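Remember, predicted model here, so these are calculated numbers, not experimental data.
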2 protein chains.
Amino acid sequence: MKDNNDMPGHLARRFQQIAVAVFLAEVGDAGFDLTPVQYAALATIKANPGLDQVTLAGLIAYDRTTITGVIDRLVQKGLAERRASRRDRRARELEITDEGRRTLRKITPAVESAQRIMLRGLSAKESEDLMRLLHKAIAAGNELSRAPLREAQA
Amino acid sequence: MKDNNDMPGHLARRFQQIAVAVFLAEVGDAGFDLTPVQYAALATIKANPGLDQVTLAGLIAYDRTTITGVIDRLVQKGLAERRASRRDRRARELEITDEGRRTLRKITPAVESAQRIMLRGLSAKESEDLMRLLHKAIAAGNELSRAPLREAQA
DNA sequence: TACTGATAGTCAGCATACTGAACAATATCC
DNA sequence: GGATATTGTTCAGTATGCTGACTATCAGTA
């Protein structure tokens, strides 16, 4: 009888569960209230100023219906802004605010610490191997979810 | 500038996302409507008849507040039953129904197929390595989430 | 230009997950 | 035995994620 714990799907769920808990704990201890999802979105907005929501969703592999709420919360916290685009009146252009930039800067040590903690059971080489294998599995399965990773358009 | 895609937390999220999508697609194609979470719960109830909700949650590392809704849905679908325990009147004893047993049996090929598909980018050895490393990282981080894995009591 | 198809964003509805609180029942300790 | 702590379950509230539908807009074409 195959144990749940031998199924890659179950292991994926558990690892993610721990990763989120560690992230929230580290970031919370540092005095911030930001989820992993919100952090990734904010960092990506900062790196690609003026991008629209669909592009943002593609860059971090979120569903486009999920990104709406995530941006709502970033805007509500004063970390990002959503403006109507003049080139395409359907689209919204996203910008990070000064407050958002400050938050990102101050939160970085906690985020890096979280990444270390969630791999604390592994040696440096093992961590590297795990990341490489996850990368490879994800690349092969990219198109299988509704929210695949998409490169930015030129 | 560190890319999101180099963070273990982000990779964890993506792998899980793909794993869930593949599971739902395979199981759905086979004609069943069962989530990965519901499947794991049902399989664990079958393997441990009469267990209570907290024990079930511990065996599959779910939060105890989450398990309530999962069981609600299994009961509503007629796959499991929830009975008051006579030994401890706070607790509910869980049993799989005949319908649940039938469903588990018929769904197994789809579940196994899903596990293969989510690793389709990896060789057999790479798959084995990934599972081993995930196991190790999860074991070290077990206590860091609100819903750690717990062995069954004797 | 009118039609057709595609695209950007949102929304309603459902299913995990978690926090924190409540309630009832049990266990423990003095 | 009675106060206290702990445990099993549920609930309200919030945040992802998804499906499917809808509106507004844009792009291409007959």
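- When DNA chain D is scanned in the 5' to 3' direction for atoms under 4.0 Å from non-hydrogen atoms of chain A, the outermost contacting nucleotides are dA15(D) to dC26(D).
- Annotation: salt bridge (Lys or Arg N to Asp or Glu O under 4.0 Å) contacts of R89(B) (sequence neighbours excluded): none.
- Among residue pairs with one or both ends in residues 31-42 of chain B, those qualifying as side-chain hydrogen bond (donor to acceptor under 3.5 Å, both in side chains) are Q38(B)-K77(B); sequence neighbours excluded.
- Across the protein-nucleic acid pair, D63(A) atom CG and dC11(C) atom P stand 15 Å apart, rounded to whole Å.
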Extract all donor-acceptor atom pairs below 3.5 Å that involve side chains of residues 16-24 of chain A and protein atoms in other chains or at least two apart in sequence.
unit_1: Q17(A); atom_1: OE1; unit_2: R14(A); atom_2: NH1; d: 3.4
unit_1: Q17(A); atom_1: NE2; unit_2: A61(B); atom_2: O; d: 2.9

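- By the side-chain hydrogen bond (donor to acceptor under 3.5 Å, both in side chains) test, R150(A) is found to be paired with E143(A), residues two or more places apart in sequence or in another chain being considered.
- Listed by chain and number, the residues in a salt bridge (Lys or Arg N to Asp or Glu O under 4.0 Å) with D52(B) amount to none (sequence neighbours excluded).
- Nucleic acid contact class of T35(A) (heavy atoms, under 4.0 Å, all strands): sugar-phosphate only.
- Heavy-atom distances under 4.0 Å link DNA chain D to R13(B), Q17(B) of residues 10-26 of chain B, given in residue order.
- Comparing Q53(B) and V37(A) along DNA chain D, the residue whose closest nucleotide (by nearest heavy atom) sits nearer the 5' end is Q53(B).
- Residues that satisfy the salt bridge (Lys or Arg N to Asp or Glu O under 4.0 Å) test with R116(B), not counting sequence neighbours, are absent from this structure.
- When all heavy atoms of I60(A) and R13(B) are compared, the closest pair comes out as O-NH1, 3.6 Å.
- For residues 140-148 of chain B, proximity to DNA chain D is found at no residue, defined as any non-hydrogen atom under 4.0 angstrom from a strand atom.
- Residues satisfying the side-chain hydrogen bond (donor to acceptor under 3.5 Å, both in side chains) test with T44(B), not counting sequence neighbours, are N4(A).
- Scanning residues 70-94 of chain A for heavy-atom distances under 4.0 Å to DNA chain D yields V70(A), R73(A), D88(A), R89(A), R90(A).
- Checked against salt bridge (Lys or Arg N to Asp or Glu O under 4.0 Å), R146(A) has the following partners two or more places apart in sequence or in another chain: D63(A).
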